[in-house]
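Numbers here are sequence positions counted from 1. Just the heavy atoms: all of them, side chains too, but no hydrogens, waters or symmetry mates, feed the values below.
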Amino acid sequence: MLKKLLTSACLIALSTQLHALELDKKNINYIGPIAEHSQLKPYETSQQAAILANLATELTKNSTNISIFGNELTWQSLASVKQLTVPGIQALKFSVAVERFTQGKMTFAGIDKGTLFINGEPKTLSDKSIELSLPTGEYQLLLLAEQVADWNKVTLDFTGKAEHDKVSLITESNQLSAKQLFDATTISNLSLAPDAQAMVITSIHYDDKNGDKAVKTTQLRDAKYQVRYSWDNGEASGFTWSPDNQSLIYVINGQLRSLDRKTLASKVITDKLDGASNFAFFDPQTLIFSWYKSAPSNNGLTKHYQGLEDRWSYARNSNQVYLLDITSGLIRQISSQSHSHSLEDFNADRNTVLLSRNPIDYQAPPHMLTQLVEVNLADNSETLIGQYRTFNQARYHKNGLFISAGPDFSQGAGRAIDASLLANNYDGQLYNVSFDGKKVTALSKEFDPAIEGFSVLNNKDAIVSVTEKDTKQLYLFDSKKSQFKKVNTDLDVVERFAISKDKNPQLLVTGSNASSAQRLQYINLKKNNAKTLWDSHAEFYANSHIAKLEEFNFTNQDGVEISGRVYVPHDLDQNKKYPALVYYYGGTSPVTRGFTGRYPFNLWAANGYVVYVLQPTGTTGFGQDFSAKHVNAWGEYTANDIMQGTQAFLKSYPYVDAKKVGNLGASYGGFMTMLLATKTDMFSASIAHAGISNITSYWGQGWWGYLYSGEASKNSFPWNNAELYSQRSPVFHADKVTTPLLLIHGDADTNVPKGESHNMYTALKLLNKDVELVEYKGADHQIITREQRFHWWNTMLAYFDAKLKDQPQWWDSLYPKQ
């Protein structure tokens, strides 16, 4: 196999007459005969499709040979094949690249019976040819030939639909693809034994065969990462380790089971716990867990709302906390029936359980109240520790409680900002609270990263997960020194972690970097060093060209540094001009540096765009002063940062075409896209996904609109701050829009209802503006399913290709004019 792109002599291009050009046989791989002694060829059987699909799975792999029924076959050049005919199946394999959306016909002359696979997917040939529509990227074509009269007369050629439609032969695929990013194996859950000598790893991947259904694998591995036990189909979940390290409890197919770590024998504890989760050992013979029960379905003619929460489909469901005696199977409810409860923690030494609940109370922003209660199991008595307007998590430690919440927790105990500012309570802080809740000590007021969650160690220290600027990190909180020490993971984004419970705690961590995919690491906390156990990047992206990442920060007009980063396409020629995309969220969270996600920056760069991602004023992770400016702003600072940042970006990157810059964002970022369209014409095309066009309708109709607005519009309502709700709403300024705008929405979005896009679409249509609206059927606030995700990614790139590259063909093929 050659290791570089073939020369221009291998280019299959088109003349002005659009005649077919033959593919060079020297650069097409051939293997055969396969199963030459078979009595019947696949097309002569009733299982042709399955037989060929199984064979294609093996032949599409990047290997030089294959063993078939004991015979070793080697790939060779098609030009070296001299036989007239060959018994059995033969295969042709080659790869092509297209630099833009390409359409045309590929013909396989001389092959009487053949089945084509493109990137592993079977395609139907019509009269020995196939019509191709190929978005920018690289494609492997595998043709399984079952009947050929004369191999000397076999030719392959391509005829483009237009003069610009051309393909290039390549010898191996190295362009990053959407399938890689979505399908590649990732670790979705992990658990570490108390002695750190065993771990449970659940991984998922996707493929064409299973479509939207993830293929799960769950395995018990030892400290050397060797597999000791596997669960079929990855259906096991809810793993918890016994304190003595002897057994592992888990749920599978509705059963609660125990696995002996030494003998690997499994036994059923009970199969009567449908809806139960979060199992943990309260003591060696008792499990504590949560048990969820759905409310009866309402099939009547009406639905009577008793509170704002009734807009949530799950509002009247109940979650309670129970104890299970393993020996007898007896179950005891320990939470009161008056409210639904969440299990925060338990303390066997105190014989108590820590619960939280949310009684309905709209009296103050954010219009939700959390009660933290302690249940004494000796007499079932309940003690109210406190009632809080901001609350995230509570855990016991030796001398009290750790609680994470916003700066306003306990009458503003965590505030580190000027009294004139309203705190952003999405900016998580850590507190030390006495058992009775009366003494509160703020632990992170001078610690800029926002605390997202934590786990308590046996010595009263804690491992804290934080948002630090545009990264997700772990810190060790040393309770004696009241200091935060960063855990060395060498990851931009820590996704999940597990901790052992021994005297020298160990960590199991997954995460990624902006330019490299997920890794699994084993970390010795005492030594603060990381050992990689598994590397997704090496396994799935080793040969892929990844965009170059460059830091790009600028100082805004208020003298505040705004962080950003730029993804530069591979092999970019600085003597040419390139289109660019500007991405932001603008809400209360930064756009973190994960390798992939719903908005795949590396994929956009692979498609020829320079991508600028910035973190405007108002996000968490940069300190309380920075995050507080999100409150009651609704784009005031954010829009200026995005416009100033884009201007600074264009000045620093002269190879970016200033007339070919697109911008996009989702949710609050979608709101920002609409708002920017009313403020500037610096962008040539814009995309708003699930954006807010009218702050009032979002506040009143989104499932959580009033809760989010309780922070974003704190103390402001349509009746006391009409100017904010109207003048900051993009639809009220729709007449100022000059930029072409694509609105995307899931038609089942409950967070930001689709009416928000409809508001703007209606306004812009009536104003005769350039606007498009695309809805994804059945999709909520995010596009999750595999088929929809690929189509959605294609829609965004096709729109920008049309507007920024003057290449409308891809968009027209997805959305033909009717």
Between P740 and S684, what is the shortest heavy-atom contact and its length? CD-O, 3.4 Å
What verdict does the side chain to side chain donor-acceptor pair (under 3.5 Å) test give for H791 and Y776, after you've listed the backbone C-alpha separation in whole Å, the side-chain angles of each residue and the deciding distance to 0.1 Å? CA-CA 10 Å; H791 192 279; Y776 280 88; 2.9 Å; yes
Indicate yes or no: does R789 engage E787 in a salt bridge with an N to O separation below 4.0 Å. no
Indicate whether any N or O donor in one side chain lies under 3.5 Å from an N or O acceptor in the other, for S173 and E138. yes
Measure from the side-chain N and O atoms of S95 to the backbone N and O of E172, and report whether any donor-acceptor pair falls under 3.5 Å. no
Determine yes or no for a side-chain-to-main-chain donor-acceptor pair under 3.5 angstrom, with H689 supplying the side chain and G665 the backbone. no
Do the ring centers of Y578 and Y609 come within less than 6.0 Å of each other? no
Tell me if a side-chain donor or acceptor on N553 pairs with a main-chain N or O of G564 at a distance below 3.5 Å. yes
Is the backbone N or O of N751 less than 3.5 Å from a side-chain atom of D749, with the two atoms forming a donor-acceptor pair by type? yes
Any side-chain heavy atom of L549 within less than 4.5 Å of one from V566? no
Carboxylate-amine/guanidinium contact R786 D183, below 4.0 Å: yes
In this structure, are over 12 heavy atoms from other groups packed under 6.0 Å from E99 atom CD? no
Give the minimum heavy-atom separation between L743 and Y761, together with the two atoms involved. CD1-N, 3.7 Å
Does the Q615 side chain pair with the main chain of Y584, one donor and one acceptor, at a distance under 3.5 Å? no
Using ring centroids (six-membered ring only for Trp), state whether F671 and W634 fall under 6.0 Å. yes
Establish, from distance only, whether the side-chain atoms of T186 and Q518 form a donor-acceptor pair under 3.5 Å. no
Crowded around K660 NZ? As in, over 12 foreign heavy atoms under 6.0 Å? yes
Using modelled atom types only, decide if a donor and an acceptor are shared between the side chain of S129 and the backbone of L125 within a distance under 3.5 Å. no
Does the T102 side chain pair with the main chain of V98, one donor and one acceptor, at a distance under 3.5 Å? no
Step through the shown structure and confirm whether more than 12 heavy atoms of other residues, nucleotides or ligands are within 6.0 Å of NZ on K216. no
Taking atom types as modelled, is there a side-chain donor on T738 or D681 under 3.5 Å from an acceptor on the other? no
Of the non-hydrogen atoms in S133 and F101, which two are nearest, and what is the gap between them? CB-CZ, 3.8 Å
Quick one about Q103 and Q809 (side-chain donor to acceptor, distance below 3.5 Å, no hydrogens or angles considered), yes or no? no
Just say parallel, tilted or perpendicular for the rings of F649 and Y612, cut-offs at 30° and 60°. parallel
Quick one: do D747 and K754 make a salt bridge, cutoff under 4.0 Å? no
Is the Y698 to W703 ring centre distance short of 6.0 Å? no
Between D492 and T471, is any side-chain donor less than 3.5 angstrom from a side-chain acceptor? no
Y426-Y708 aromatic ring centre distance below 6.0 Å: yes
Residue list, side-chain contact (heavy atoms from CB on, under 4.5 Å) with Q701, at least two apart or on another chain: S697, P753
Answer with yes or no after comparing the ring centroid distance for F595 and H537 against a 6.0 Å cut-off, counting only values under it. yes
Side chain of N694, backbone of T696: donor and acceptor closer than 3.5 Å? yes
Residues in side chain to side chain donor-acceptor pair (under 3.5 Å) contact with H545, at least two apart in sequence or another chain: N174, H570
With a 4.0 Å cut-off on N to O distance, would you call E636 and R728 a salt bridge? yes
Which pairs of donor and acceptor atoms, one on a side chain in residues 810-818, lie under 3.5 Å apart (sequence neighbours left out)?
{"from": "S813", "atom 1": "OG", "to": "W810", "atom 2": "O", "distance (Å)": "2.7"}
{"from": "Y815", "atom 1": "OH", "to": "T795", "atom 2": "OG1", "distance (Å)": "2.7"}

Kindly check if the number of other-residue, nucleotide or ligand heavy atoms within 6.0 Å of CZ (R598) is above 12? no
Quick one, L773 and K765 - any side-chain contact, counting heavy atoms below 4.5 Å? no
Do R519 and E495 pass the salt bridge (charged side-chain N to carboxylate O under 4.0 Å, His left out) test, and can you show the C-alpha distance, the side-chain angles, and the key distance before you say yes or no? CA-CA 10 Å; R519 297 201 304 270; E495 299 161 351; over 6 Å; no
Atom CG of N768: over 12 foreign heavy atoms under 6.0 Å: no
Other residues, nucleotides and ligands only: do more than 12 of their heavy atoms fall within 6.0 Å of NZ on K651? no
Can a salt bridge be assigned to the pair D165 and R100 using a cut-off of 4.0 Å between side-chain N and carboxylate O? no
Looking at Y585 and S667, what are the two nearest heavy atoms and their distance? CE1-CB, 4.2 Å
Between N189 and T202, is any side-chain donor less than 3.5 angstrom from a side-chain acceptor? no
Does L132 offer a backbone N or O that forms a donor-acceptor pair with the side chain of K161 under 3.5 Å? no
What I want to check is whether the side chains of Q180 and S544 have a donor and an acceptor closer together than 3.5 Å. yes
Can you see which heavy atom on S693 is nearest to which on E756, and at what distance? OG-O, 2.6 Å
Is there a donor-acceptor contact under 3.5 Å from the side chain of E550 to the main chain of R565? no
Does D157 come within less than 4.0 Å of K105, counting only side-chain N to carboxylate O? no
Do the side-chain N and O atoms of S757 and H745 include a donor-acceptor pair separated by under 3.5 angstrom? yes
If you measure from the Lys or Arg side-chain nitrogens to the Asp or Glu carboxylate oxygens, is any gap between K123 and E131 under 4.0 Å? no
Return the minimal non-hydrogen interatomic distance between A214 and I204, and the atom names on each side. CB-CB, 4.2 Å
Relative to the ring of F790, is the ring of W793 parallel (under 30°), tilted (30 to 60°) or perpendicular (over 60°)? tilted
